[in-house]
Asker: 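Below is one structure. I have some questions about it.
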Amino acid sequence: MPADDPVARLAEQSPAYSGRGSGDVDRLRGTLLAGFEASGLPPGALPFVLEELETGRSPYAVAAAAKGLRGAKPIPQAALPLLMQAIERFRSSDDRVGFDGPAGADGRSTTVLVELIRSVAALGSDARPALGALREMLDGGPDEVSAAVRAELRKAIGAASRSTAPERTEGDACCAAEAWAAASPCCGGAGPALPGVSAIGDVAVQDQDGAVLTLAEALLGHPSVLTFFYTRCMNPDKCSRTVAKLARLQRRLADHAMKEGVNIVAMTYDPAFDQPARLRAYGADRGLRFGPRSRLLRTTGPFDAVRSHFDLGVGFGPVTVNRHRLDLFVLDSAGEVAGCFERMLWSEDAVLNALDPLIAASATRPGS
Amino acid sequence: MDVKEYRKQVAAEIAGAGRDDRPAVRPMADLAATDDSDPATRADSIAALRIDPQNLGETVPELLAIVRDGAQAVPVRMAAFRVLAGAAFLGPRFAPFRADYLEALREVSSDPDARLRESALETLAIEKDAYAQNVLLAGLKDPKAALVPPARAIQFLGYDVHADVAPVVRELFHRSKGAVKEEALRLLASDPGSQKLITDVMLDKGERSAMRRLGATALQNLNPEAFERAARRIVTDEDDYDAIRATSLAALAHVQELGTAASDAGFADAVEKLKETTKSPRLRSSIKRFMSAARG
């Protein structure tokens, strides 16, 4: 994909963002996303929009994603539960954003909640499943939502009401995964053609106890779950949630007496700051139990080799990570990538499903 | 006391706890209409406002209008600002007004009055507001554009590691002194890229002891092994001040007690020999503690 392709410029690792601060990256990507409202949303940009709706915390970026979504023809109905999740997330933290002029005090003419609800309205009758939630927000009265948001809610309720589709009272994010799978070849465990870990097996890493080993020692010999995080991540739905989910995955594997047969590893994007004591505290606080098969790792040298090997969706500013996507890899005993989960929140069930055949193969291996 | 009587007493106390015995508050509209009050009286009246979570729709827009109104006296605007800041803690109840509140703060961040500017920018910085971060950073780069003193700007920017200002602040550190230099060191305390700078501060005998202590705390947090190496250097430097040698040795003793000390053959011997050369009671006390920990 050419570097000046707008979809390529959305990627976290785009050279356009290297060395820039998080705020700059948010604004640049947000401008791109918002622009799709008028120019049309390319299919390749849909995953970025859905990601922002699912886990985004920046009012500007999420509002931009909501606007960009309206450029999709048609807007996938599967975006509805993600829009409703975002509305709930910003319900108590609405903020003004601006797309029409300079980002000065006079350039913020809309709010993130307004843009999200407008996108719900744009779904028309496809938004009917959200009618209950929309009415509940409106019925809360002037003490619950602002006048501007109430006005958009009325429009959205009007648009969604013109339908005979069944109404539901709860959001259901299941269908968002289908929209995502249609948009990305990586979702759901079908791995792209990434090289195995052996190519970077001699990268030196250090775990939460200060033990130094190689990546090969950490990941080969057993099936592995490998994901990435950093302790200074301020988005609770990304790194913190990732490590907490890893801990739950660990407990579920233990329930099946398989924990000794699977490596559970998370590597930090920020090895200079995430020293062993910090890694240990972060993992322990989220319920992770450490052992020879379960570690949080930092590279003892630069992280670049790992980043480029896995083509990780991460960018770096002048101090630390400026933006990253969720990345989780399922590896077989030889360190080959058997599946990956990219950008959207992964489910423990899906990761366990991807692990099952690898665990079975490992169990029947001679000497296992 | 009889149990039933006690129960009645507690129930009465609980019922009474919900009562607000403060004088009834005048409606916001009345306050706004009292133009003939002197600013101090109006400010006091606004400060005494009882925020009713059920009735924010009447109060908050009026208060926002006062904060924004440059024609109002600054004490009146500051009083309104403080009441709004308190109301913002009401969470979901304040939600309908939050967007307008933040926008009002952005407007006020360039107000002619320094107190209002600083209060607005501090509140926005705590919210990790990108607009505030941009204007604060612009002020650090160009003093003519500064809206608050540089030490405050650095403090406010330090609320968010993703403000990514460490390179600018590092430069400022090298050409500043006093409060600016101290705030710069505080901000850089969590920046691995500043580890050498922090270590140099800790080791610099010409630096104020408060700054050296700040450096030591920062280095211990950033890189415990590097801290131990630097602390050992200080302890064995007979030209350094006894106070800081004692503090460094006490910190090393603590690490030793935790059992996480990095190994350094010969250091314990060097510390033991210090007993013969120092007269400082503090240093002697730290030596005793360290040797006790080292021997296990």
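Throughout, protein chains are lettered first and strands after them, A, B, ... in sequence-line order, and every chain is numbered starting at 1. All values below were derived from every heavy atom in this structure, side-chain atoms included, with hydrogens, water molecules and symmetry-related copies excluded.
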Asker: Under 4.5 Å from any heavy atom of chain B, what part of A:R91 do you find: side chain, backbone, both or neither?
Answerer: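 For A:R91, the contact with chain B is made by the backbone alone.
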Asker: In terms of heavy-atom proximity below 4.5 Å to chain B, should A:S58 be classed as side chain, backbone, both, or neither?
Answerer: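 A:S58 has no heavy atom closer than 4.5 Å to chain B.
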Asker: For chain B, which candidate among A:R20, A:R232, A:Q275 shows the most heavy-atom pairs at distances under 4.5 Å?
Answerer: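 Among the listed options, the one with the most contacts to chain B is A:R232.
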Asker: One thing to verify: whether A:E51 and A:R325 come together as a salt bridge, which I'm taking to mean a side-chain N less than 4.0 angstrom from a carboxylate O.
Answerer: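 No, no charged N to carboxylate O under 4.0 Å.
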Asker: Do any of residues 314-321 of chain A come closer than 4.5 Å to chain B, heavy atom to heavy atom, and if so which ones, in number order?
Answerer: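 Against chain B, the residues of residues 314-321 of chain A that fall inside the cut-off (heavy atoms, under 4.5 Å) are A:P318, A:V319, A:T320, A:V321.
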Asker: Give the member of A:D94, A:N322, A:D26, A:V112 that has the highest number of heavy-atom pairs under 4.5 Å with chain B.
Answerer: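 Option with the top pair count is A:D94.
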Asker: In terms of heavy-atom pairs under 4.5 Å, which option from B:N221, B:N223, B:D160 contacts chain A the most?
Answerer: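 Maximum pair count with chain A is reached by B:N221.
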Asker: Show me the donor-acceptor pairs within less than 3.5 Å that the side chains of residues 182-190 of chain B make with the rest of the protein, sequence neighbours left out.
Answerer:
residue, atom, partner, partner atom, Å
B:E182, OE1, B:R208, NH2, 3.1
B:E182, OE2, B:R186, NH2, 2.6

Asker: Using a 4.5 angstrom heavy-atom cutoff, name the option from A:S93, A:G210, A:A148 with the most pairs to chain B.
Answerer: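 If we count pairs closer than 4.5 Å to chain B, A:S93 comes out on top.
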Asker: Nearest 0.5 Å please: distance from the CD atom of B:Q220 over to the CD atom of B:E228.
Answerer: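 B:Q220 CD to B:E228 CD: 8.0 Å, rounded to 0.5 Å.
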Asker: Between A:V212 and A:D207, is any pair of side-chain heavy atoms under 4.5 Å apart?
Answerer: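 No, too far: nothing below the 4.5 Å cut-off.
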Asker: What part of B:A166 is in contact with chain A, defined as an atom under 4.5 angstrom from a non-hydrogen atom: side chain, backbone, both or neither?
Answerer: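 B:A166 touches chain A through backbone and side-chain heavy atoms alike.
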Asker: Need one label for B:L222: side chain, backbone, both or neither, based on atoms under 4.5 Å from any heavy atom in chain A.
Answerer: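 Answer is both: backbone and side chain atoms of B:L222 are under 4.5 Å from chain A.
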Asker: Will you find, in the side chains of A:S22 and A:R323, an N or O donor that is under 3.5 Å from an N or O acceptor?
Answerer: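 Note: A:S22 and A:R323 side chains miss the donor-acceptor criterion.
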Asker: Under 6.0 Å between ring centres: does that hold for A:F228 and A:H324?
Answerer: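 Between A:H324 and A:F228, which both carry aromatic rings, the centre distance is not below 6.0 Å.
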Asker: Classify the side-chain pair A:R298/A:T268 by whether it contains a donor and acceptor separated by less than 3.5 Å.
Answerer: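 Judged by distance alone, the side chains do not pair up.
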Asker: What's the separation between atom CG in A:D24 and atom CD in B:Q133, rounded to the nearest 0.5 Å?
Answerer: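 If we round to the nearest 0.5 Å, A:D24:CG and B:Q133:CD are 10.5 Å apart.
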Asker: Is the closest side-chain donor-acceptor distance between B:Y159 and B:E122 under 3.5 Å?
Answerer: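 Yes.
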Asker: Would you give the length of the straight line joining atom OH of A:Y282 to atom SG of A:C233, rounded to the nearest 0.5 angstrom?
Answerer: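 Answer rounded to 0.5 Å: 6.0 Å.
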